[in-house]
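Just so you know, these numbers use all the heavy atoms, side chains as well, and skip hydrogens, waters and symmetry mates. Keep in mind that this is a model prediction, so the values were computed, not measured.
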Amino acid sequence: MFFGLMLLAVTTALAQDLSGLMDRGEQAGIDRERLTRVVDRAEGQNFSQDDIYALLEPAVNLAENNLPYEFIIQKSMEGLAKRVPAENVRNVLGDFERGISRSAEIIDPWLEEEGVRSAVEREMRGRDQAEAMSQMRNNLIQSSAQALQQNVGEENLNSFLTEITQISGQRNISVSAVASAMRVMSDLPTAQEHPELSNEILVNAVKSGFNANQMQQLPSAMNTAQFFSQLPAESIGRGISEQMREGTPGHQVLENLFQGNVQGGPPGFVPPGRDGAPGRGRDGDDDRRGPPFDPPGGPPGGN
């Protein structure tokens, strides 16, 4: 009887703690219904109250510190949908919480740079400044956190942002494209062996006016160019950097890459790697339906 009462008291206290955590989240700006959906899904998978608390706490902590929390809730739901063990989900969410907190320490001072702030204000012109600035900050923090989570070194991330700061006062830059660049930083085929070249590629892409969508297509375009040309990733990277320095527009750089045209040759130019590439018909016509990696967000020439 005594142990039964003890168990009931502990269970009640945990439930109260969970309810209190949800109250904190709601006060910090999280829609309570979103928290309730996480709880319901976790209870349906027989998660303990401690485990459910651990699913919600990182998002609540971030919200209370004015940091983006949506990604944490999304990852919680993804983990539950895939029936990932509770301990694994807790570890992943803890890593993301720490990554977002660290990213804020990198991004917030960067946003205070005069040229960067001017670039943000230009891009957000015509919108509610406070709301637009908050959305842009959250986007940048989440993007840099994703880069850190995918083993991009802080030194490389800081070097990239420093170079962007240096050019921000010289030309109009897209801060949304900068956020996309950080998201794809680890996906470039040069990322592991040539991180400095990856930074050079992304800085040149920002300089040459790549928009966010074009930046997202860059990794698959480079992979396609490497498939067709059979050149090392470093050669691909240096070739497209040269195209960008010569002033080739972003959509044209992508189109060249998806055609295997690493050096940006004249129209109709067939790079050596395309001759006899897999899927090529006997008469030389390409009988494939498209490049081996379809670019996200539409055709290569899209904006």
Check: [X] side chain, [Y] main-chain N or O, donor-acceptor pair, under 3.5 Å:
X: Ser134; Y: Glu131; result: no
X: Gln150; Y: Ser186; result: no
X: Asn65; Y: Leu67; result: no
X: Asn139; Y: Gln135; result: no
X: Gln214; Y: Asn211; result: yes
X: Tyr69; Y: Gly29; result: yes
X: Ser159; Y: Glu155; result: no
X: Gln230; Y: Phe227; result: yes

task = Return each pair, listed once, that meets ring pair (Phe, Tyr, Trp, His ring centres under 6.0 Å) where at least one residue sits in residues 159-213; pairs must be two or more places apart or across chains.
result =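 Residue pairs with at least one partner in residues 159-213: there are none.
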ask   = Out of Leu254, Asp187, Ile240, which residue meets the side chain to side chain contact (heavy atoms under 4.5 Å, CB included) rule with Met222?
value = Ile240
request  = Go through the structure and list residues passing ring-ring contact (aromatic ring centres under 6.0 Å, His included) with Phe71, not counting sequence neighbours.
outcome  = Phe96
Nearest heavy atoms of [X] and [Y], plus distance in Å:
X: Leu55; Y: Leu93; result: O-CD1, 3.7 Å
X: Ser208; Y: Met244; result: OG-CG, 4.0 Å
X: Leu257; Y: Ala221; result: CB-O, 3.6 Å
X: Val89; Y: Gly79; result: CG2-CA, 4.3 Å
X: Ile100; Y: Pro68; result: CD1-O, 3.6 Å
X: Ile141; Y: Ser144; result: O-OG, 3.0 Å

Out of curiosity, [X] [atom1] to [Y] [atom2], how far, rounded to the nearest 0.5 Å?
X: Leu35; Y: Asp40; atom1: CG; atom2: CG; answer: 11.0 Å
X: Arg245; Y: Gln243; atom1: CZ; atom2: CD; answer: 11.0 Å
X: Lys75; Y: Leu80; atom1: NZ; atom2: CG; answer: 13.0 Å
X: Glu64; Y: Glu57; atom1: CD; atom2: CD; answer: 9.5 Å
X: Leu56; Y: Asp51; atom1: CG; atom2: CG; answer: 11.5 Å
X: Glu113; Y: Leu161; atom1: CD; atom2: CG; answer: 10.0 Å

ask   = Step by step, would you call Arg90 with Glu87 a salt bridge (charged side-chain N to carboxylate O under 4.0 Å, His left out)?
value = CA-CA 5 Å; Arg90 292 172 67 162; Glu87 183 178 358; over 6 Å; no
Stepwise side chain to side chain donor-acceptor pair (under 3.5 Å) check, Gln142 with Gln146 = CA-CA 6 Å; Gln142 289 181 179; Gln146 183 173 322; over 6 Å; no
Got more than 12 heavy atoms from elsewhere within 6.0 Å of [atom1], [X]?
X: Glu121; atom1: CD; result: yes
X: Glu43; atom1: CD; result: yes
X: Glu196; atom1: CD; result: no

Counting C-beta onward and ignoring hydrogens, is there a side-chain heavy-atom pair between [X] and [Y] closer than 4.5 Å?
X: Met124; Y: Val175; value: no
X: Leu188; Y: Leu202; value: yes
X: Ile73; Y: Ile30; value: yes
X: Asn61; Y: Arg24; value: yes
X: Glu234; Y: Glu193; value: no
X: Asn199; Y: Met185; value: yes
X: Arg183; Y: Gln216; value: no
X: Val262; Y: Ser235; value: no

query = Going through the distances and angles, do Glu242 and Arg238 end up as a salt bridge (charged side-chain N to carboxylate O under 4.0 Å, His left out)?
reply = CA-CA 6 Å; Glu242 185 60 30; Arg238 299 203 182 284; over 6 Å; no
task = Might you work through the side chain to side chain contact (heavy atoms under 4.5 Å, CB included) test for Leu62 and Ser101, ending with a clear yes or no?
result = CA-CA 8 Å; Leu62 291 173; Ser101 297; 3.9 Å; yes
Intermediate values then yes/no, side chain to side chain contact (heavy atoms under 4.5 Å, CB included), Val120 and Glu123 = CA-CA 5 Å; Val120 172; Glu123 191 165 342; 5.8 Å; no
request  = For Asn256 and Gln252, run side chain to side chain donor-acceptor pair (under 3.5 Å): C-alpha distance rounded to whole Å, both residues' side-chain angles, the deciding distance at 0.1 Å, then the answer.
outcome  = CA-CA 6 Å; Asn256 289 341; Gln252 186 61 58; 2.9 Å; yes
task = Mind running salt bridge (charged side-chain N to carboxylate O under 4.0 Å, His left out) on Asp95 and Arg98 for me, showing each step along the way?
result = CA-CA 5 Å; Asp95 287 344; Arg98 287 186 290 275; 2.6 Å; yes
task = Under the side chain to side chain contact (heavy atoms under 4.5 Å, CB included) rule, what do Arg137 and Asp108 come out as? Steps first, then yes or no, please.
result = CA-CA 8 Å; Arg137 173 179 178 263; Asp108 282 341; 2.7 Å; yes
inquiry  = The test is side chain to side chain contact (heavy atoms under 4.5 Å, CB included); show your working for Ile107 and Met182 and say whether it passes.
reply    = CA-CA 12 Å; Ile107 294 299; Met182 290 190 290; 4.2 Å; yes
